[in-house]
Amino acid sequence: MKTHQFEVIVVGAGGAGLMAGLYASRTAKTAIITKLYPTRSHTGTAQGGIGAALGSEEEDHPEWHTYDTVKGSDYLGDQDAIEFMCEEAVQAVYELEHMGLPFDRTPEGKISQRPFGGHTNNVTGKPVKRACHAADRTGHMILQTLYQQCMKNNVNFFDEFQVVDLLMVNGAAAGVVAIELATGELHVFHAKAVIIATGGYGRIWEITSNAYAFTGDGPAIIMRRGLPLEDLEFFQFHPTGIYKLGILITEGVRGEGGVLINGKGERFMERYAPHVKDLASRDVVSRAIYMEIRDGNGANGQNYVYLDVRPESVNKYAALDGRKNKDGSPYTVTGEEILAKLPDIVDFCRVYLGVDPVTQLMPIQPTAHYAMGGIPTSKYGETILDETNATVPGLYAAGECACVSVHGANRLGTNSLLDLVVFGKHAGLRAAEFAKTVPFQPLPSDPTKYASSQFDRIRKADGKDNAFDIATTMKKVMFDKMGIFRSGKGMEEALTIVRALKQRYQHVSVTDTGKIFNTELINVWELGNLLDLAEAITVSAIARTESRGGHSREDYPDRDDKNWLKHSLAWVREDGKIDLKYKPVVITKYEPKVRTY
Amino acid sequence: MGLKRNVGLMEALRYQGKGPMLTYILHRIGGLSIVIFVGLHILAGYLANHAWGANLGIFINSIYENWLFQVFIFFFALFHAINGLRIVILDLWPKLIEYQREAIWLEWFVFLPIYGIALFVIVRSGLGG
Amino acid sequence: MEVTIKLFRYNPEKDKKPSYKTYKLEALETDRVLDLLEKVKGYQDGTLSFRRSCAHGICGSDAMRINGFNRLACKTLVRDTGAKITVQPLLGMRVIKDLIVDMEPFFEHYRSVKPWLINDDPEPEKERYQSVDQRAVFDDTTKCILCACCTTACPSFWGNEQYVGPAAIVAAHRFIFDSRDKAAAERLKILNEVWGVYRCHTIFNCTLACPREIQITRAIGEVKMALTTGKTE
Amino acid sequence: MKTKQRPAPLGGFNFDYIMWLFTRLSALAMYLIVIVALTGALLMSARQNMSIADLMRWAFMPNPNHVASTNIPDIEVWKTIFWQVMAILMLFFAGAHGLHGLLNVVEDYISSRRIRMSLRALVLVIWVAISLIGITVIVTS
Ligand SMILES: Cc1cc2nc3c(=O)[nH]c(=O)nc-3n(C[C@H](O)[C@H](O)[C@H](O)COP(=O)(O)OP(=O)(O)OC[C@H]3O[C@@H](n4cnc5c(N)ncnc54)[C@H](O)[C@@H]3O)c2cc1C
Ligand code: HEM
Ligand code: SF4
Ligand code: F3S
Ligand code: FES
């Protein structure tokens with residue numbers, strides 16, 4: 001066992017982790033621990049853009065952005081935090097630009113922006129260009145740029161170290177325990193402040209746009225240490241994933257004028273969102289696709305529909321919608337423009353589908369995409385202890401694993417990257433500030449005890465069950481019963497199955513007895529995290545007897561502001577039972593209204 | 001822990017490098033054979049002029065006269081020259097690299113007929129025809 | 001269809017020498033090689049180790065030699081490989097275990113070219129302007145995901161691991177040709193050394209291997225020309 | 001809206017750079033010489049009197065030695081100062097190009113700076129020697 005000491009430890013090197021590390025390292029001795037090489041983080045896959053009301057191409061205001069986000073969140077977002085984020089957004093994007101991020105440019109040389117689902121001009125109700133982008137690899141460029149800045153500023157990195165436990169002493173964070181993948185050795189990182197930025201947990205679902213590494217390690221670790229997780233029932237299904245594979249086709253495709261077409265060749269979004277049509281927010285579009293499929297309008301009678309970005313269709317529908325360029329001329333695109341603006345999408349389709357989107361339709365289906373819920377935090381990234389908003393000293397969280405909550409019940413596209421940058425930065429600043437004011441907590445006497453006990457259990461299990469089977473079953477049942485549409489009965493079934501799987505999981509062992517890169521052991525451990533979260537998610541969802549944002553129940557189809565305008569907090573008790581409590585939503589300016597697009 | 005970094009020659013040659021890698025290998029072998037041969041040839045020319053080394057000089061020159069050797073050296077010299085021109089052009093005008101695939105086709109297209117004719121002539125005279 | 005997949009295996013804690021093991025499994029034409037590796041690991045041999053994350057060719061974790069050619073396992077379909085597949089670790093790197101190689105030297109080279117924006121002018125209030133054309137010059141090289149397919153396909157790198165390698169030159173190109181960056185001269189100086197661009201013999205293995213279809217050799221060529229003409233526009 | 005021009009870097013005059021450029025330029029120069037030599041040979045009626053191997057030999061090294069044993073009736077026009085200069089030029093380019101090429105191949109595999117520098121010195125010596133010998137052969141034949 002090796003021990004390291006840093007003032008601030010950041011767990012995770014995605015957009016949130018790097019931003020936090022970059023800022024914390026300015027004043028405090030900081031290290032970033034990550035289970036993947038930083039550039040392998042999932043932020044790199046984000047395609048469409050980062051939202052900020054720069055107004056480089058047309059009129060836009062942070063207030064509009066705030067309103068859209070509040071509305072997008074189905075009024076579950078905390079409005080003070082949303083306001084804060086949307087105000088900071090503009091400067092955050094400029095800051096990224098100064099760091100070297102190669103945004104696409106307008107003819108005047110400004111940062112180019114494109115329309116995105118749910119982002120509107122508040123006066124006309126029409127989509128507004130708010131997503132700042134670098135082709136369709138904005139996340140990639142953010143990740144690379146932040147990593148480059150970290151190198152420039154000599155931030156310490158522990159690459160391929162997987163954090164497996166959080167150390168808490170006297171109710172405050174004291175560090176983390178991590179396993180060095182290359183040697184299998186446990187390391188203790190003693191710290192004054194810990195920032196968790198481990199990303200989401202979309203691997204719980206069968207069809208997902210999320211990486212293999214998205215196993216919810218951070219939230220699971222937090223939960224095991226007796227801290228709550230917020231709003232777990234809200235998980236976003238992105239409308240357009242590649243059929244069967246779940247690989248994401250960015251909303252930017254629809255931003256550039258692509259439309260959804262059902263098996264009968266109709267543009268069906270007109271019926272569900274008459275104003276913004278294909279650019280309605282994600283929960284709305286996903287449900288619409290699902291309903292089309294259920295009504296037998298899927299393509300070829302299967303469970304998918306088409307996304308159409310062929311120039312002739314784009315031009316046809318743009319003309320019908322009366323979409324105009326800035327100078328008032330009708331909006332048109334050519335095949336080359338599609339290729340230039342969406343090169344990676346075109347590449348995915350060619351490689352994985354053998355389909356050329358410039359001339360053919362893309363088969364798509366909704367795909368598990370984004371965790372709105374997670375570790376509850378204040379708008380400065382401080383982790384919240386309970387329903388009174390008390391905070392845990394020295395513990396911070398940011399990024400997809402955190403729940404500020406700016407996304408409420410449904411996240412708008414482009415707001416996650418924004419969330420990473422804004423709250424990553426503030427978490428970093430706060431943590432460094434905090435570290436300057438307190439001494440190190442003493443380490444517990446045997447800091448690695450809990451972590452090694454988890455691995456020992458796996459090593460010693462009887463090996464009667466197969467992890468791959470358990471994972472497959474969990475993913476399937478979660479996608480079927482805990483997907484876009486849910487019902488009390490279905491969710492109960494899911495819960496029973498997940499609990500049974502957790503029992504079976506106790507028998508899973510490993511054949512690899514080595515220490516060096518024992519990925520089998522790690523994968524089994526990660527499966528444990530997914531199962532724990534799946535259970536907590538299902539329990540939280542069953543309790544919420546309404547439909548809101550990403551949580552749609554067939555047995556309770558309406559939003560119920562009277563009883564449910566509140567965040568849920570889930571704790572796992574010593575005996576493994578899950579406790580739920582609730583805390584109010586912060587409402588400043590925008591009273592909940594019926595949500596239509 | 002771990003294996004040593006090891007790239008054996010065979011391992012490297014087995015990499016499925018396609019057209020350009022082959023031209024690189026041939027270019028390299030060609031360049032080396034030409035320098036070595038040209039060097040020897042110059043020496044031979046010098047030696048042949050002096051009684052003390054005439055035998056050696058003549059022997060080296062007779063290698064050159066051998067048609068089998070000519071088949072070999074002409075292949076590499078011609079290939080080196082044509083491929084070298086491709087490299088020079090691509091290196092000095094990087095924009096043209098867009099057409100690198102075509103460049104390789106073109107290269108073989110130029111090389112094969114010229115070498116074919118030369119081969120025919122050399123072999124015919126070599127076999128005393 | 002049934003596919004046979006032959007895997008390079010090496011466990012540093014048990015084996016003195018690497019070996020190959022063959023597995024048979026059912027697969028669809030549209031399956032990724034990565035899916036097959038996952039299945040082998042899940043059902044046939046849990047000890048198999050490899051890196052992966054995003055599963056759609058964007059994170060650069062799973063670069064390996066598939067049928068003798070550097071690719072991403074998640075971007076190679078059974079359709080492209082056929083029913084007989086051989087998978088080996090990248091060439092020219094230290095193998096740590098099975099398909100996992102030591103990436104440190106690769107990142108070392110990457111860092112050596114100062115791949116970050118350097119501009120000491122005071123920052124403007126808003127964005128720095130850059131025309132569409134200025135932005136287009138280095139667009140191609142911003143796509144790099146640092147997968148190392150290129151560097152480990154380069155015979156010069158095989159020959160000597162001190163060569164900075166195409167990936168590092170790509171990273172340098174991205175900044176040298178960025179109109180906002182002011183340190184082109186510094187980077188060119190680094191690349192103007194024995195282990196810089198002059199180990200590149202225009203072999204093109206890098207360009208052909210790049211899963212992001214970056215015109216690497218062209219980028220290297222542009223760097224060489226920048227050294228000759230001093231122009232970086 | 002034009003961003004400020006950055007200070008343009010110098011061409012960095014070091015051995016590697018110079019030799020890189022020299023290799024390319026000498027390649028072009030050799031092409032030129034070969035073309036001149038070939039045209040000259042054809043003008044001097046090589047077509048009827050020479051085997052293809054001799055023609056090539058002349059093209060790469062326009063040295064009277066290389067055509068002495070052919071069926072050319074009048075060898076005098078081949079033995080001019082002009083062709084001697086061409087031959088020496090060719091020797092210069094091919095020698096430097098080829099020997100540096102040799103060095104380049106070796107350097108691909110040599111990590112040690114000391115060995116590299118010694119090899120460079122050695123190659124320089126060989127180059128000078130070969131050139132001197134070559135020139136002697138050319139002018140004395
Ligand atoms: C396909 C796709 C497209 C998207 N497109 C957009 C978009 O257009 N706009 C937008 O705003 N958002 C988008 N998103 C959402 C957004 O990209 C993610 O929510 C965001 O990148 C998450 O960032 P993060 O920093 O929280 O986590 P990540 O970037 O995933 O980073 C997680 C980090 O934590 C580390 N880690 C995890 N577990 C451990 C552990 N146990 N120990 C140590 N380290 C650990 C990992 O190594 C990694 O470095 C998209 C998401 C996906 C999947
Ligand atoms: C018109 C004729 C020639 C052309 C166009 C030419 C072109 C080139 C070029 C462009 C290179 C550089 C390759 C690289 O750096 O990747 C090269 C290398 C080389 N050349 Fe030539 N060359 C010619 C003639 C010769 C001659 C006559 C010799 C021998 C005396 C020779 C020997 C070499 C050697 C040894 C190398 C190094 C090989 C390598 O780096 O792979 N070349 N040539
Ligand atoms: S240039 Fe291409 S092959 Fe090389 S590391 Fe980058 S993405 Fe990979
Ligand atoms: S393969 Fe290597 S030699 Fe140059 S063109 Fe690519 S870097
Ligand atoms: S797993 Fe990310 S590139 Fe293959």
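Since this is a predicted model, take the numbers as computed values, not measurements. Side-chain atoms are counted along with the backbone in the values below, which use heavy atoms only and exclude waters and symmetry mates. Proteins get letters first, then strands, A, B, ... in listed order; numbering begins at 1 in each.
- Proximity to chain D is absent for every atom of B:Ile34, based on heavy atoms less than 4.5 angstrom apart.
- Taking a cutoff of 4.0 Å between a charged side-chain nitrogen and a carboxylate oxygen, B:Arg28 and D:Asp108 qualify as a salt bridge.
- Aromatic pair B:Phe79/B:Tyr115: ring centres not closer than 6.0 Å.
- Contacts between B:Val38 and chain D at a heavy-atom distance below 4.5 Å are absent for every atom of the residue.
- Not less than 6.0 angstrom separates the ring centroid of B:His80 from the ring centroid of B:Phe76.
- Between chain D and the options B:Gly39, B:Gly31, B:Ala81, heavy-atom pairs under 4.5 Å are most frequent for B:Ala81.
- Contact annotation for D:Ile126: neither backbone nor side-chain heavy atoms come within less than 4.5 Å of a heavy atom of chain B.
- No donor-acceptor contact under 3.5 angstrom links the side chains of D:Ser111 and D:Arg116, judged on distance only.
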